[in-house]
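Notes follow once the structure below has been shown.
If you're wondering where the values come from, they're calculated on a predicted model, not measured in any experiment. Note: hydrogens, waters and symmetry copies are ignored here, and every other heavy atom, side chains too, is used.
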Amino acid sequence: MISNLIFAFPRAGDTQGGRRSIENQVFYTKVAQKLIAALNQTTADGQVFRVDMRLRPFGDSGPLVMSFAAMEDYYQDQGREWERYAMLKGRLLGEPNVYWQEFYTLLRPFVYRRYIDFSVIESLRKMKHMIAQEVRRKGLVNNIKLGGGGIREVEFIVQALQMIRGGREKALQVQSLLVAMNELERLDIIPSQVAAQLRTSYLHLRRIEQFLQAFDDKQTQTLPDNELDKARLVALLDVNDWNEVLVFIEQTMAIVREEFKQVIGDEPEEESALPECFSLSWEQNDWSAMEQLQDTLKLDWQNAVMEFRSRLSKKPIGARGRDILDKLMPRVLAYLLESEHAISTFERVTQVIEKIASRTTYLELLYENQGALQQLIKLCAHSKWIGEHIARYPILLDELIDPALLYRPLPLTKYIKQRFDNSFYA
């Protein structure tokens, strides 16, 4: 199905034969309308493509054709998270021309951030939650695309990792899911065994989806409820009976579901929450529920949190940043209350958080990647200098993601070799 059409056309004001041609917007809108009608029309020979133009910029109320400048303004100022995933897989139609590369270059900074972008995990989790709600509302059952462990979850796993790392790893900036999965495996972002399981599961589910759609030429991913189509699927999958089909699909989707939980996490209402006392300590500075703390320590914590919140009040933090902070800080307190010299470590950690408070992506990195947060707390507990250095250069937070590399520095000989390799005199 085609969900959007992009037309690359000459700049306004270009002329043909020395005279100004018909206005570009009018001309290409008429071209688009005729092309959509030709593709979408059902004839005796069938249909070329199902076309749904509601996903274009501004939806139904948006223009059918936009200039590159208008499109760039839209995606920079108003582009939404789900549009990033759509454009990640989007392909231009037709014969390649001089405008193709310009269009892909225009979209690249919208889809792929220059930094490691953990914001995609929360947005994907919300999207998955909305899909699950819609599935329940429509009463969809036995859906191999939208159900738990279905095709959509494989896509979400790969797209999340593409968008987290794609700004730095250019090889991940591809539309094909299987090519992207191969690159994720090559970069050791997905273990080879997991990649093989996901690849096999995805191909099995896609094959079954094609069978289902061929039975009645319909856009469907729901297992059949009539005996004829059940028998057809049994024969096509070369199994003995319908129960074997169900067991095979259930096992396949269970593999995907488990990996989805590892990468994206559960839906919001299923997420395990910290005890309420940590949220009260942060949001209301109420430490009365912390029975393990002496009264003097409770007072020290109240003062430390109050001072930090006072400093934060002077920072330009948006609504999204405030929301992540209210999720992150109870987790920080939960880790710190178990450590030695907790308040001094809290001051060093919050020095870093204060510096990144207006850069929501880093807050999301610490919230979504508990290992990185624990490494930050561990380093700050051991060294005031390290805490100050990370606060000065927040990009170092990216290095906390992989502790194996963090605690395995290059030998001095490697630095010397690199220096000579990059020398102007090499």
Inter- and intrachain pairs under salt bridge (charged side-chain N to carboxylate O under 4.0 Å, His left out), touching [range], at least two apart:
range            : answer
residues 64-77   : none
residues 147-161 : Lys89-Glu155, Lys128-Glu153, Arg152-Glu155, Glu153-Arg257, Glu155-Arg206
residues 191-202 : Glu185-Arg199
residues 62-71   : none

Sequence neighbours left out, what passes side-chain contact (heavy atoms from CB on, under 4.5 Å) with [X]? Give chain and number order.
X      : value
Ile386 : Leu379, Ser383, Ile390
Ile255 : Gln197, Ser201
Glu83  : Tyr74, Tyr75, Arg80, Phe110
Val234 : Val239, Trp242, Val245

Study note, to complete from the structure: Applying ring pair (Phe, Tyr, Trp, His ring centres under 6.0 Å) to Phe215 and not counting sequence neighbours gives none
**Study point:** Residues that Asp323 engages under salt bridge (charged side-chain N to carboxylate O under 4.0 Å, His left out), provided they are two or more places apart
**Key:** Lys327
Point to revise | Geometric class of the Trp282/Phe308 ring pair [parallel <30°, tilted 30-60°, perpendicular >60°] | key: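 The rings of Phe308 and Trp282 sit tilted, inter-plane angle from 30° to 60°.
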Exercise for review: Flag the pair Tyr112 / Leu172 as yes when at least one side-chain heavy-atom distance between them is below 4.5 Å, and no otherwise.
Suggested key: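 When only atoms from C-beta onward are counted, Leu172 and Tyr112 do not touch, as no gap falls below 4.5 Å.
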Exercise for review: Assess whether atom CZ of Arg311 is packed by more than 12 heavy atoms of other residues, nucleotides or ligands within 6.0 Å.
Suggested key: yes
Review point. Does atom NZ of Lys355 have more than 12 heavy-atom neighbours from other groups under 6.0 Å away?
Key: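 Atom NZ in Lys355 is not packed in, count stays at 12 or less.
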**Study point:** Residues in side chain to side chain donor-acceptor pair (under 3.5 Å) contact with Gln101, at least two apart in sequence or another chain
**Key:** Thr105
Check your understanding: Which residues satisfy the side chain to side chain donor-acceptor pair (under 3.5 Å) test with Asn226, sequence neighbours excluded?
Key ->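 Asn226 satisfies side chain to side chain donor-acceptor pair (under 3.5 Å) with Asp229 only.
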